[in-house]
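Please read these numbers as outputs of a predicted model, since none were measured by experiment. All heavy atoms count here, side chains included; hydrogens, waters and symmetry mates do not. Chain naming here is simple, since letters A, B, ... match the order of the sequence lines and numbering starts at 1 in each.
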Number of protein chains: 2
Amino acid sequence: MSASTDDTARAGVDGGEFRRPTMRDVAARAGVSLKTVSRVVNAEPGVSPALADRVRRAVTELDFRPNVGASSLRRADGKTATVGLLVADVANPFSSALQRAVEDVAMPRGVVVFSASLDEDPERERELARAFAARRADGLILVPASDDQSYLEAEVRAGTAVVCVDRACRGVDVDSVVATNRSGAAEGVRHLFAGGHRRVAFLGDRQSIWTASERYQGYLDAFAAAGLEIDPSIVVHDLTDTGVADGATSTLLTRPNPPTALFTAQNLVTIGALRALRRLGAERTVALVGFDDFPLADVVSPGVTVVAQDPWAIGKLAASVLFSRLAGDTSPTQLHVVPTTLVRRGSGEIPPPH
Amino acid sequence: MSASTDDTARAGVDGGEFRRPTMRDVAARAGVSLKTVSRVVNAEPGVSPALADRVRRAVTELDFRPNVGASSLRRADGKTATVGLLVADVANPFSSALQRAVEDVAMPRGVVVFSASLDEDPERERELARAFAARRADGLILVPASDDQSYLEAEVRAGTAVVCVDRACRGVDVDSVVATNRSGAAEGVRHLFAGGHRRVAFLGDRQSIWTASERYQGYLDAFAAAGLEIDPSIVVHDLTDTGVADGATSTLLTRPNPPTALFTAQNLVTIGALRALRRLGAERTVALVGFDDFPLADVVSPGVTVVAQDPWAIGKLAASVLFSRLAGDTSPTQLHVVPTTLVRRGSGEIPPPH
DNA sequence: CTGTTAGCGCCTTCAA
DNA sequence: TTGAAGGCGCTAACAG
């Protein structure tokens, strides 16, 4: 039952598994040398049509799949036609739009994408970058979870292209693509001021996250420019998911002298605030401006006014930069800045009471 | 400038790139044999602590990264600690929740995930499955876009584990994990009947998609069980994105004798219908039940009643099955069925006029 | 406990 | 235009 007297395509493993056909098998079947098969498979010129045809037939008959790992081992450029993508959470709409954009640039080039979620954990960032490097990804697109990417220097020197997205890389000289977090946040808060609000609460994620602290700076900028004092009791950080954002919003709105408007600095925070507003029946009395757009922001009522980033455009740009580096572009690295836009949908235009 | 007289770590490529250190480099630096390095790197027993330490130091000093491709080439099991995930669209909430679940099962095992979007294109399915196979993914989790996966047979025979999700695989004997599409859809429609509706429209995706046709069957089942006639003029198929779903809903509701309730058979269709309902100011007069839950379904007003699938649970199950197959489970393949649940949120409880 | 030899599947270099 | 030899980085099988 487990005896393997057949030496062509059976593995010795039990369960009746077959050995994958190799170029040698294809060559034998087509009656040519291994190198000729290699030429045909890689579309190298200089093979007579007759031979090429015989090879192609053998390839389909045997269901031959070239082994990219083996070929990159010997190949001059060592490329694997693989890139890695590290985001905060693939289930977050910002991340998944980014991922889709990267895919859309990679696929037409025959490049496949590794992806992984970091959950803002610096250790996971390093582990997964290492895991992708061990699989010899040609490039890495990374939404940094840590504040120092110098651990990537060896990879970069070895020829791995790296692009940081959403937050700039630090400790290593590579390209980054970021949005106008600070000025965009300031614009959102100014919009609330323009509507007559003075008590504008800030709800944001952990300040150790670069974008979170930038957006908080924008909030501060807007207050400073308007000559207004900040009330630290309506500033809340460390909101890491919708649940805690919901709770924090409740607390804020049910205390004495509540804010008349909310600025939520991240999409999950916005959604949490939205839930709280609805539960309290306050969605038409308390103004809300969120940073980062999300699906259905236009369908809830009132629609949610946001400072929108374009994750798809950001991803496209990041991937384009990555591939041009892989193609040999050695110009100085750049920090690419993508503008945000204020999208008025109703929630941000609610006037203060009085 | 491009001369390379240095033979240690410089590549001949211009641009000053460095060759990656190999086990040989580590061995030389630690003053041991290559095999000893291999043992330490792979945590094989039988290396004296002193040597192991020297090796580990050399590894960090050189920033050595083992080459998984090369190792799998020689390794007995040929495994790459890599799985591929093929979904309809990573940017769709159902797909991205699924992806996250797969990741959560894979990561603790040191397995990384390739992912790709198929956009319901059968050709892309085959191309990407082939691309993942060429990189020797140990397993494949697949939301089929085509109705025949027999092209995977060679992979399966070669030992690649395959699990189909959302729709059962056909043409190849592998595990599948699906939801109760037909009975769930019937339950959703029955719920509208129970609320007094008789004119219930069906809005769905292309019937060539297995889940779409199953859900349509459920719609038919509910009508048959209730002894009601179907009005084909309020049945619309081929709704492939939110835009066309929005348009179709508008058309349906602005014609004479419009339906009093909508059954939308996919999350993007539900969202499109929602947009149309709001634009027409009909969200509180026309009932709506959607198949498949989506973020913020509870935040819009009224909340959207849905037949919910649990993509995270489905993904967890699919990944568990995959890894148990990879671990050697050879029991007969199964069709795992995950139940759907009706979630009442308001839109499905709107009564008919009169 | 440590090292040597051979070869995984493929591409490079070079010769016919 | 075709093919033979050698080696990429690593591990299996066997020595010592």
### Task
Check the distance between C/dG3's P and B/Leu51's CG and give it to me in whole angstrom.
7 Å

### Task
Would you kindly check whether a donor in the side chain of B/Arg39 faces an acceptor in the base of C/dT2, or vice versa, at under 3.5 angstrom?
yes

### Query
When the distance from CG of A/Leu62 to C1' of C/dG9 is rounded to whole Å, what number comes out?
15 Å

#### Entry: Whole-Å distance separating the CZ atom of A/Arg136 from the C1' atom of C/dC10
17 Å

### Query
Hey, does the side chain of B/Ser38 come within less than 4.0 Å of D/dT11's phosphate (OP1/OP2), counting only N and O?
yes

#### Entry: C/dT2 OP1/OP2 closer than 4.0 Å to side-chain N/O of B/Ser48
yes

### Task
Could you check B/Leu34 against B/Leu73 and say which one's nearest nucleotide on DNA chain C is further toward the 5' end?
B/Leu34

### Carboxylate-amine/guanidinium proximity below 4.0 Å for A/Asp25 and A/Arg19
yes

### Length of the line joining A/Arg65:CZ and C/dC10:P, which is rounded to integer Å
13 Å

### Query
Do A/Leu317 and A/His336 pass the side chain to side chain contact (heavy atoms under 4.5 Å, CB included) test, and can you show the C-alpha distance, the side-chain angles, and the key distance before you say yes or no?
CA-CA 9 Å; A/Leu317 178 56; A/His336 301 264; 3.9 Å; yes

### Task
Tell me whether the OP1 or OP2 atom of D/dG3 has a side-chain N or O from A/Thr36 closer than 4.0 Å.
yes

### Message
With a 4.0 Å cut-off on N to O distance, would you call A/Arg100 and B/Asp89 a salt bridge?
### Response
yes

### Task
Mind checking A/Arg24 for me? I need base, sugar-phosphate or nothing, with any heavy atom below 4.0 Å counting as a touch.
nothing

### Query
Looking at C/dC11, D/dG9, D/dA12, which one has an atom nearest to any side-chain atom of B/Lys35?
D/dA12

### Task
Let me know the distance between CG of A/Asp77 and P of D/dC8, rounded to the nearest Å.
17 Å

### Query
Under 4.0 Å: is that the gap between some side-chain N or O of A/Asn42 and OP1 or OP2 of C/dC11?
yes

### Query
Does A/Thr80 reach the main-chain N or O of A/Arg136 with its side chain, forming a donor-acceptor pair under 3.5 Å?
yes

### Query
If only side-chain N and O atoms of A/Ser33 are considered, is one of them under 4.0 Å from the OP1 or OP2 phosphate oxygen of D/dG3?
yes

### Message
Given D/dA12, D/dC10, C/dG9, identify the nucleotide with an atom nearest to the side chain of B/Pro66.
### Response
D/dC10

### Query
Under the 3.5 angstrom rule, does the side chain of B/Arg135 hit a backbone N or O of A/Val68 as a donor-acceptor pair?
no

### Message
What is the separation between atom CZ on B/Arg20 and atom P on D/dC10, rounded to the nearest whole Å?
### Response
11 Å

### Task
Please state how far atom CG in A/Asn67 lies from atom P in D/dG9, giving the value in whole angstrom units.
16 Å

### Length of the CZ-C1' vector between A/Arg135 and D/dG9, whole Å
16 Å

### Task
Could you pick out which residue, A/Arg74 or B/Arg75, lies toward the 5' side of DNA chain D when each is mapped onto its nearest nucleotide?
A/Arg74

